Amino acid sequence: MAYTKLSNPEIRLQQYKDTLNWYLENTDMKILLVENSGYDFSDSHQKQIDEGRMEMLCYDGNDYDRSRGKGYGEAAIMEYGITHSRLLSTTPSFANSKDYGETTLFEHQRLVS
């Protein structure tokens, strides 16, 4: 992925799982994870998905003009989640978290109908 400092897929996957597990263990929030590489690792959190605590959407979202920048791709991920999530269709707001290795950014956003 262009402009991604960590490109080792095994390490990136483990970081996603670690961050996801942190939110599952330390909050009572429902979680939507949108994975844009098309790689489905929902089997590792099937219990939380079955319980309705979490939803995972996977799609191939890396086929865009790179000259638009990484922010364009991240906005496309959010758009995909907003338009395809069953979980978001039942809640008035959501929190956007982007994991950057050891630092997780957390932003709360209100959905506008």
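Computed from a predicted model, the values in this text were never measured in an experiment.
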Without placing hydrogens or testing angles, list every side-chain donor-acceptor pair under 3.5 Å for residues 77-84, not counting sequence neighbours.
residue, atom, partner, partner atom, Å
T83, OG1, E79, O, 2.9
T83, OG1, Y80, O, 3.3
H84, ND1, Y80, O, 3.0

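Atom CG of residue N62 and atom OG of residue S37 lie 7.0 Å apart, to the nearest 0.5 angstrom. With rounding to the nearest 0.5 angstrom, the OG1 atom of T19 is 7.5 Å from the OH atom of Y23. Residue L57 holds its CG atom at 11.5 Å from CG of N36, rounded to the nearest 0.5 Å.
Taking the centre and axis of the six-membered ring of Y64, the NZ or CZ atom of R66 falls inside the cone set by 45° and 6.0 Å.
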Next on the checklist: I'd like to know whether E10 forms a side-chain contact (heavy atoms from CB on, under 4.5 Å) with L13, so could you lay out the CA-CA distance, the side-chain angles of the two residues, the decisive distance to 0.1 Å, and finally the verdict.
Outcome noted: CA-CA 5 Å; E10 290 85 19; L13 177 60; 5.9 Å; no
Next on the checklist: side chain to side chain donor-acceptor pair (under 3.5 Å), that's the test. Do R12 and Y16 meet it? Break it down for me.
Outcome noted: CA-CA 6 Å; R12 286 181 57 106; Y16 287 139; 2.8 Å; yes
Checklist entry - Hey, mind stepping through W22 and T27 against side-chain contact (heavy atoms from CB on, under 4.5 Å) and telling me if it holds? => result CA-CA 8 Å; W22 186 92; T27 74; 4.3 Å; yes
Next on the checklist: Using the rule given for side-chain contact (heavy atoms from CB on, under 4.5 Å), can you reason through H45 versus L24, listing the C-alpha separation, both sets of side-chain angles and the distance that settles it, and then say yes or no?
Outcome noted: CA-CA 10 Å; H45 291 87; L24 289 167; 3.5 Å; yes
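Sorted by first and then second residue, the salt bridge (charged side-chain N to carboxylate O under 4.0 Å, His left out) pairs with a member in residues 19-28 form an empty list; sequence neighbours excluded. Sorted by first and then second residue, the salt bridge (charged side-chain N to carboxylate O under 4.0 Å, His left out) pairs involving residues 31-58 (not counting sequence neighbours) are K47-E51, E55-R86.
For D60, there are no side-chain hydrogen bond (donor to acceptor under 3.5 Å, both in side chains) partners at least two apart in sequence or on another chain. Looking at residues two or more places apart in sequence or on another chain, you find no ring-ring contact (aromatic ring centres under 6.0 Å, His included) involving F41.
Closest approach of C58 and Y39 over heavy atoms only: SG-O, 3.6 Å. Across every non-hydrogen atom of L87 and L32, the tightest pair is CD2-N, 4.0 Å. A pairwise comparison of heavy atoms in S44 and K17 identifies OG-CE, 3.7 Å as the closest pair.
Looking at L20 and Q48, their side chains never come closer than 4.5 Å, going by heavy atoms from C-beta outward.
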